[in-house]
Amino acid sequence: VWCTLHGSVFNLILLLLLACHSKAVLSDPGMVPLPDTAIDFSDLRSQSSRMNERGCEGWTVCSRCETYRPPRAHHCRVCQRCIRRMDHHCPWINNCVGELNQKYFIQFLFYTGMASLYSMVLVVSAWVWRIRNEREGDAEKEGEETPSKHLIVAHYIILLVESVLFGVFVMVIFYDQLVSIITDETPIEQMRNRLMIKDRGSSSSSSSSYSQLPHHPPHTRKPKLALLREVFGRG
């Protein structure tokens, strides 16, 4: 009964894991559509002030896609497209993690961590159960089953180490994704802001008045609950 129950629960987790992985692979991460015709950017500098007056501040031009891209969009060298709120290009899903598929990617990480944790519990429980049976069982068969016993123990150790390493690795990525959502900063934006702060600190040593200027964030901060709803929805 217990074997059937644990097998059903573990396979259910694997089914949800594969479903979320498929959604993350096949979903559009938020690619910026390419223009039907080539756009002339020759007069971009002369119209930059007009764009700011119209409220288009934050829009940039991608020299590789040759199109306008909205704020917080970045170009992916692998996909050769600009992705809205691009987090990174993940080889696990062979796709970018962006504005539209980040939810499925995080769910994939969550179920993968659950599968690793559940497998660790099953391996440890089976190991403890086997040790108790060996202590309570007859000692005559112990010497006869020594080779198979060593193979089973080695199998337990390999499964346990693999589950721990894979689970820790996935949970670290899962935590990093949640932090990027709550702080409303993708890893690309975090790196860019760190470079800006570093440049500002180096320039402040030569100009004391510049260091007293207030720092304007690249975008307005939202409540954490609102940021989570933007990614996961209201459900």
Side-chain angles (χ1 to χ4, degrees), residues 6 8-33 55 57-60 62 65 68-121 163-194 216-235:
H6 288 303
S8 302
V9 173
F10 189 77
N11 287 321
L12 177 61
I13 296 175
L14 288 181
L15 181 63
L16 295 173
L17 185 155
L18 294 176
C20 294
H21 182 266
S22 300
K23 289 288 290 183
V25 172
L26 301 176
S27 297
D28 177 19
M31 292 185 179
V32 178
E57 185 178 0
W59 283 71
T60 55
C62 179
C65 294
Y68 291 103
R69 57 187 177 188
R72 309 185 70 181
H74 302 280
H75 185 85
C76 176
R77 298 179 181 178
V78 181
C79 298
Q80 296 298 324
R81 292 289 295 275
C82 287
I83 310 297
R84 296 200 302 268
R85 196 173 177 178
M86 175 182 171
D87 189 276
H88 68 288
H89 186 91
C90 181
W92 288 5
I93 62 175
N94 193 28
N95 196 3
C96 279
V97 178
E99 185 179 35
L100 301 182
N101 69 339
Q102 188 178 21
K103 168 185 176 180
Y104 306 118
F105 179 70
I106 294 178
Q107 289 176 341
F108 162 68
L109 295 176
F110 176 74
Y111 290 122
T112 304
M114 283 189 61
S116 300
L117 179 61
Y118 201 77
S119 61
M120 280 188 285
V121 173
S163 300
V164 171
L165 293 179
F166 204 76
V168 170
F169 180 68
V170 168
M171 285 295 101
V172 168
I173 302 178
F174 177 77
Y175 173 78
D176 183 69
Q177 288 290 309
L178 291 182
V179 169
S180 67
I181 294 175
I182 293 176
T183 58
D184 200 14
E185 281 185 348
T186 64
I188 299 177
E189 293 170 347
Q190 291 177 5
M191 185 178 300
R192 182 186 61 189
N193 292 336
R194 289 175 184 173
H216 299 282
H219 52 273
T220 57
R221 298 287 182 178
K222 300 179 182 179
K224 296 180 180 179
L225 186 59
L227 294 172
L228 292 173
R229 285 177 176 174
E230 285 184 357
V231 177
F232 297 103
R234 294 181 175 271

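Predicted, not measured: the structure shown is a model, and the values here were computed from it.
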Hey, does Ile13 have a side-chain heavy atom less than 4.5 Å from the side chain of Leu16?
-> no
Can you check whether Leu17 reaches Thr112 side chain to side chain, under 4.5 Å on heavy atoms?
-> yes
With sequence neighbours excluded, tell me which residues meet ring-ring contact (aromatic ring centres under 6.0 Å, His included) with Tyr118.
-> His6
ring-ring contact (aromatic ring centres under 6.0 Å, His included) against Phe169, all qualifying residues, sequence neighbours excluded | Trp92
Value for CG (Leu178) from CZ (Phe110), rounded to nearest 0.5 Å, stands at 10.5 Å
Determine which pairs satisfy side chain to side chain donor-acceptor pair (under 3.5 Å) with at least one residue from residues 169-178, sequence neighbours left out, and list them in order.
-> Asp87-Gln177, Gln102-Gln177
Considering only distance and modelled atom types, tabulate donor-acceptor pairs under 3.5 Å from the side chains of residues 76-83, sequence neighbours left out.
unit_1, atom_1, unit_2, atom_2, d
Gln80, NE2, Arg77, O, 2.4
Arg81, NH2, Val32, O, 2.9

Enumerate the residue pairs fulfilling salt bridge (charged side-chain N to carboxylate O under 4.0 Å, His left out) with a member in residues 8-24, sequence neighbours excluded, ordered by first and then second residue.
-> none
Sequence neighbours excluded, the answer for ring-ring contact (aromatic ring centres under 6.0 Å, His included) partners of His74 is none
side-chain contact (heavy atoms from CB on, under 4.5 Å) filter on Lys224, not counting sequence neighbours, yields Ile182
Can you sort out the partners of Leu227 under side-chain contact (heavy atoms from CB on, under 4.5 Å), two or more places apart, ordered by chain and number?
-> Ile181, Asp184, Lys222, Glu230
Could you check Tyr104 against Ile93 for side-chain contact (heavy atoms from CB on, under 4.5 Å), going step by step and ending with a plain yes or no?
-> CA-CA 11 Å; Tyr104 306 118; Ile93 62 175; over 6 Å; no
In Å and rounded to the nearest 0.5 Å, what is the CE to CG distance from Met191 to Asn193?
-> 11.0 Å
With distance as the sole test, does Asn101 use its side chain to make a donor-acceptor pair with the main-chain N or O of Gly98 at under 3.5 Å?
-> yes
Only counting residues at least two apart or in another chain, list the ones meeting salt bridge (charged side-chain N to carboxylate O under 4.0 Å, His left out) with Arg84.
-> Glu99
Can you measure from CD (Glu185) to CD (Gln190) and round to the nearest 0.5 angstrom?
-> 5.5 Å
From CZ (Phe166) to OG (Ser119), nearest 0.5 Å = 10.0 Å
Side-chain heavy-atom pair Arg192, Glu189 within 4.5 angstrom cut-off | yes
Quick one: list whatever passes side-chain contact (heavy atoms from CB on, under 4.5 Å) with Met120, sequence neighbours left out.
-> Leu117, Leu160, Ser163, Val164
Atom NZ in Lys103, atom OG in Ser27: separation rounded to 0.5 Å?
-> 10.0 Å
Please list, chain by chain and in numerical order, all residues satisfying side-chain contact (heavy atoms from CB on, under 4.5 Å) with Asn94, sequence neighbours excluded.
-> His89
Taking the side chain as every heavy atom from C-beta outward, state whether Met86 and Thr186 have any pair of such atoms under 4.5 Å apart.
-> no
Asn95 versus Pro29: any side-chain heavy-atom pair under 4.5 Å?
-> yes
Set of residues satisfying ring-ring contact (aromatic ring centres under 6.0 Å, His included) with respect to His75, sequence neighbours excluded | none
